[in-house]
There are 2 protein chains.
Amino acid sequence: MSIQESGAARPAGRPRSEKAEKAIIEATLDLIGEGMGVSELSIEAIASRAGVGKTTIYRRWSNKEDLVVDALSTLKAPVPPLTGTSVRDDLISLLDAMREESGMARSRCVMNIVMGETDRHPRLTERFIKRAIEPRRQAMREVIERGVATGELRPDLDVDMGMALISGTMLWHTKWGPAGDLPADLPERIVDAALAGMAP
Amino acid sequence: MSIQESGAARPAGRPRSEKAEKAIIEATLDLIGEGMGVSELSIEAIASRAGVGKTTIYRRWSNKEDLVVDALSTLKAPVPPLTGTSVRDDLISLLDAMREESGMARSRCVMNIVMGETDRHPRLTERFIKRAIEPRRQAMREVIERGVATGELRPDLDVDMGMALISGTMLWHTKWGPAGDLPADLPERIVDAALAGMAP
DNA sequence: CCGATACGCAACGGTCTCGTTTCGTAAACC
DNA sequence: GGTTTACGAAACGAGACCGTTGCGTATCGG
């Protein structure tokens, strides 16, 4: 009788090292965070960085893209806690989380890869969006829908367009705005601008 | 007496082929348009595609990045003609030009490279922005400033924030919106949403 | 025609990465 | 102890590109 009978039978021999697996994924994210594109990533560099033999990598992933997909999938979306006191405050909280992330090299590079290689690696993007983007998108949608219901937002508001307004403006600043860190009051200014609109 | 004494003396020997130069740049843009990243581009592939010897490339550019920078610099920004009848119409025209471009694979891939490899190739991005982005940005700025002056837009409007609102929302749709071509009425809906704002 | 330069093409030595294999060792089970 | 599998390290042959060179030809000025 094996100690663990739950589920599948424990395979014989030395079990795979969880530590090695973590190290491999961490090394992959590290290299991506240093500005490597998917095509510049080499298995050799990952193995070396992780202190691991290439064998150990090939035993788990059959090709580079699979590894990158798994590595990016481990990144979860930290949806900030929302106070719910006002739609404006919640939107600012959401944008502020994006602002903080945009200052971290790793997040920025991950974003570059996901946005830039959509054409080349569709399923990479797809899985990453589902895992890391969708939760935040859902959070923002709920905030906006709540605002429409409570009257804080215009009753005829197109929710999707509202989301595009808010997060698109933030996205624009991370990509095309002046270089360097985004100012701390940017989320507030964006939300107020989107709420007020441009017309008099 | 040489036929052409204007400027520098014509160097002896066979002159460089303009046709070859065009072919090289066109081949580069072609490959980029097929989804190649800068690091995946190979001089050999470019030469082969252009029907040109590698020598001919190395005689003109000393490395790959120089070639890519030059190739992208040939892309000009087609600022659409603006009627000037109303700020709303002009903004829609500007966004519609972006919408049309987003449907073309080459433009999309070029954008991916510029946005995704900013960290790795700063001067590439810099030159491309100056050449291809700045003219449109300036056009939009003038439209918005005009609107503020004429009273079509709120007098206290932050012009830069207005630009971010409009083009950011468009950017969001090209990147995160539903797959496939952008609907024809999207520019109009974006402009109206940005003008009206989200508050009641 | 002559000298000079550019052309396309093919080949070179060199480097990098690939994915695989071999080796001796380590960790689990019986 | 014995079996089985995983481990890190090293080496392998194959292939892609690199940047350069040599070759025969083409195109300019004089």
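Letters A, B, ... mirror the listed sequences (proteins, then strands); counts begin at 1. On a predicted model such as this, the values are computed, not experimentally measured, just so you know. Computed over heavy atoms, backbone and side chain alike; hydrogens, waters and symmetry mates excluded.
Donor-acceptor pairing under 3.5 Å, judged by distance alone, is present between the side chain of K54(A) and the base of dG19(C).
Considering only side-chain N and O atoms, R14(B) lies nowhere under 4.0 angstrom from the phosphate OP1 or OP2 of dA4(C). Note on T56(B): a side-chain N or O is less than 4.0 Å away from OP1 or OP2 of dG8(C). The phosphate of dC7(C) has OP1 or OP2 within less than 4.0 Å of a side-chain N or O from R60(B). Residue R59(B) places at least one side-chain N or O under 4.0 Å from the OP1 or OP2 atom of dC7(C).
Straight-line distance from the CD1 atom of I46(A) to the P atom of dG8(D): 14 Å, rounded to whole Å. Atom CD1 of I43(B) and atom C1' of dG8(C) are 16 Å apart (whole Å). Computed from coordinates, the I57(A) CD1 to dC18(C) C1' distance equals 13 Å when rounded to whole Å. The distance from atom CD of E18(B) to atom P of dT27(D) is 16 Å, rounded to the nearest whole Å. Computed from coordinates, the R49(A) CZ to dG8(D) C1' distance equals 18 Å when rounded to whole Å. Distance E21(A) CD to dG8(D) P: 12 Å, rounded to the nearest Å. Here the C1' atom of nucleotide dA27(C) and the NZ atom of K19(A) are 13 Å apart, to the nearest Å. Note: OH (Y58(A)) to P (dG8(D)) measures 15 Å, nearest angstrom.
Side-chain atoms of R154(A) come within 3.5 Å of backbone N or O of G197(B) as a donor-acceptor pair.
The closest side-chain donor-acceptor pair between T150(A) and E152(A) falls under 3.5 angstrom.
Contact between G151(A) and P200(B) at its shortest, heavy atoms only, is O-CG, 3.5 Å. The shortest non-hydrogen separation linking R60(B) to S17(B) is NH2-O, 3.1 Å.
Residue S17(A) is classed as a sugar-phosphate contact, given heavy-atom separations below 4.0 Å to backbone atoms only.
Nucleotides of DNA chain C nearest to T55(B) and A12(B) differ in position, and the one nearer the 5' end is that of A12(B).
Considering only the side chain of K64(A), dC18(C) comes nearest among dC18(D), dC18(C), dC7(C).
Paired with I144(B) under the rule side-chain contact (heavy atoms from CB on, under 4.5 Å), one option of M140(B), R141(B), E142(B) passes, and it is M140(B).
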